[in-house]
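No experiment lies behind these values; they were computed from the predicted model shown. Numbering of ligands and ligand atoms starts at 1, following listing order.
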Amino acid sequence: MTKLWGGRFQKTTDHLVEDFHSSISFDQRLYKQDIQGSIAHATMLGRVGVISPEEAGQIVEGLREILKEIEEGNVEFDVAAEDIHMNVEQLLTAKIGAVGKKLHTARSRNDQVAVDIRMYLKDEIKEIRSQLRELVETLLNLAEQHLSTVMPGYTHMQRAQPITLSHHLMAYVQMFLRDMDRLADCYRRTDVMPLGSGALAGTTFPLDREYTAELLGFAAVSDNSLDAVSDRDFAVEFCAASSLIMMHLSRFCEEIILWATGEFAFIELDDAYSTGSSIMPQKKNPDVAELIRGKTGRVYGDLLGLLTMLKGLPMAYNKDMQEDKEALFDAIDTVKGCLLVFRPMVATMTVRKENMAGAARGGFTNATDVADYLAKKGVPFREAHEVVGKAVFYCLQHQKNLEALTLEEYQALSPAFAEDIYAAIGVEYCAAARKVRGGPAPEAVQQAIGVAKARLREI
Ligand code: ARG
C-alpha cells in the first residue's frame with residue numbers, strides 16, 4: 001500500500017522501520033475518539049464552506065459506517081498505515097473514494113492525536129472518579145459501623161495511642177477525596193480543544209474552532225498552536241494524580257497485609273479475595289493487596305517515563321511524543337484495575353474487634369492519658385511525662401499494665417493521683433475522650449463523616 005505521505009519519497013520504508021514506528025498496535029484504542037474528532041472536523045469544514053455540505057455529508061456517513069464496522073469487529077488494521085489516524089483515513093477513502101481525501105484539509109495528525117488523547121482521557125477521568133466515589137462510599141459505610149471499634153494507633157509501627165477503626169478508615173477517605181479533587185482539576189486542563197492548530201502553525205483556512213469544540217463537548221479552545229500540538233501536561237498531571245491514588249491504595253494495602261497476619265489478626269480477608277499456596281496447605285495469602293502495592297511502581301514508572309520523554313523536546317511536535325500513549329494507557333488500566341478489586345476486598349473483610357481492642361489495651365497506649373490526667377490536676381506536662389515514664393518502667397519490671405497499678409503505687413509516683421485515675425485511662429474511654437475536631441471520638445468522627453458526605457456531593 002502506498003503511503004498517505006508518499007509523494008516526496010523515491011524508496012519505500014524499510015520493513016524494520018515500518019514495524020518500529022507504527023503505533024497502531026496500541027493507538028487503535030483511540031478509534032472512537034479519532035472518528036468522532038474527524039466527524040466534527042468534517043462537519044465544521046462543511047459549515048464554513050472549505051468543503052461542500054454534500055462532501056461533508058459523505059465523509060460523515062462513511063466515518064459512521066467505519067465506526068460501526070470497527071465496533072462489530074470487522075476491521076483489520078494495517079501496520080503499514082502506521083497509526084489509527086491514517087488507518088481511519090485509508091478505510092474512509094477505500095469506502096467513499098476520492099472525497100475521503102478531503103477530510104485531512106486544514107488538519108495534521110499532530111492536532112488530531114492531541115484531540116484524540118484528550119477526549120479519551122476525559123472519559124477515563126470520569127470513570128476513575130466514579131470508582132473513587134464508590135470506594136469512598138464503601139469506606140464511609142464501614143466507618144459508620146465502627147465508630148466505637150477501638151484499636152491502637154501507631155507511630156514508628158509502635159503502639160502509640162488508642163483510636164477507633166472508624167477514625168483510621170476516615171484518614172483514607174480524606175486521601176481519596178483529595179484524589180477526586182485532583183482528577184477534577186486535571187480534567188479542566190484536559191478539556192481544551194487543539195484542532196485547528198495544524199501541524200504546528202495553525203492554518204490558512206477559515207476554521208470555526210469554537211464550533212468544533214462545541215460538537216466535541218470541549219469547554220475551551222487552545223490559544224497557541226505550537227503549545228497545543230506539543231502539550232502533554234494533562235497526561236503528566238493525570239499520571240501524577242494516578243501515582244498518588246496508587247500510593248494511597250498501596251499504604252492501605254500494606255496495612256491490610258499486616259492486619260491479616262496471624263501476629264496482628266485484626267482482620268480476615270474474604271476467601272474470594274485471598275489465594276492459597278501450591279505447597280503450604282495452611283496458607284491464605286493477601287495476594288490482591290500485595291499486587292496492588294506492587295503495581296504502584298508501574299504507575300510511578302509511567303509518570304517518570306512521560307516526564308523524561310518530554311524534558312528535552314523543542315517546539316513543537318516530535319515523534320518522541322508517540323511514546324505518551326503506552327504510559328498513559330498503562331496508568332489508566334492499572335489504576336482502574338486496582339480500584340476494581342480493592343473496593344470489594346475491603347468491603348468483604350471481617351474485622352476482629354476483640355483483637356483490635358486487645359492490642360489497644362497492651363503497649364501502654366494510654367500512657368499519654370495518664371500524663372494528661374496529671375496535667376489536668378495542675379502538674380506541668382513535662383513533669384507529668386517524666387512521672388508516667390517511670391510508671392511505665394515500673395510496670396515493665398512488674399509485668400503489669402497501667403490500669404493494674406494500685407492507688408498506693410500511683411501515689412508513690414506522684415501525690416496528684418487519686419481514685420478517679422482509673423476512670424480516665426480505660427482505652428475505650430481514652431479514644432472516646434479525644435473529642436477535638438478531627439479526633440477519633442465517635443462524635444468527632446461522626447461529624448467528619450458528615451463533612452465527607454457533603455464534600456462527596458459537591459466534588
Ligand atoms: N502516531 C503519532 C503519535 O502518536 C501521530 C502523530 C504523528 N505525527 C507525525 N508528524 N509523525 O504521536
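Ring pair F252/Y172 is parallel by interplanar angle, where below 30° counts as parallel and above 60° as perpendicular. Ring pair F264/Y154 is tilted by interplanar angle, where 30° to 60° counts as tilted.
Taking CD1 from I51 and OG1 from T43, the interatomic distance works out to 8.5 Å, rounded to the nearest 0.5 Å.
The backbone N or O of L307 sits nowhere less than 3.5 Å from a side-chain atom of R232 that would complete a donor-acceptor pair. Between the R361 side chain and the V427 main chain, no donor and acceptor come within less than 3.5 Å of each other.
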List below, pair by pair, the N or O atoms of ligand 1 and of the protein that are less than 3.5 Å apart, including the distance to 0.1 Å; reply 'none' if no pair qualifies.
| from | atom 1 | to | atom 2 | distance (Å) |
| --- | --- | --- | --- | --- |
| ligand 1 | 1 (N) | S23 | OG | 3.3 |
| ligand 1 | 1 (N) | D83 | OD2 | 2.9 |
| ligand 1 | 1 (N) | Q322 | OE1 | 2.8 |
| ligand 1 | 4 (O) | K325 | NZ | 2.6 |
| ligand 1 | 8 (N) | N110 | OD1 | 2.8 |
| ligand 1 | 10 (N) | N110 | OD1 | 3.2 |
| ligand 1 | 12 (O) | Y317 | OH | 2.5 |

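For the pair K122 and F218, the cation sits on the ring face: its NZ or CZ lies under 6.0 Å from the ring centre, inside 45° of the axis.
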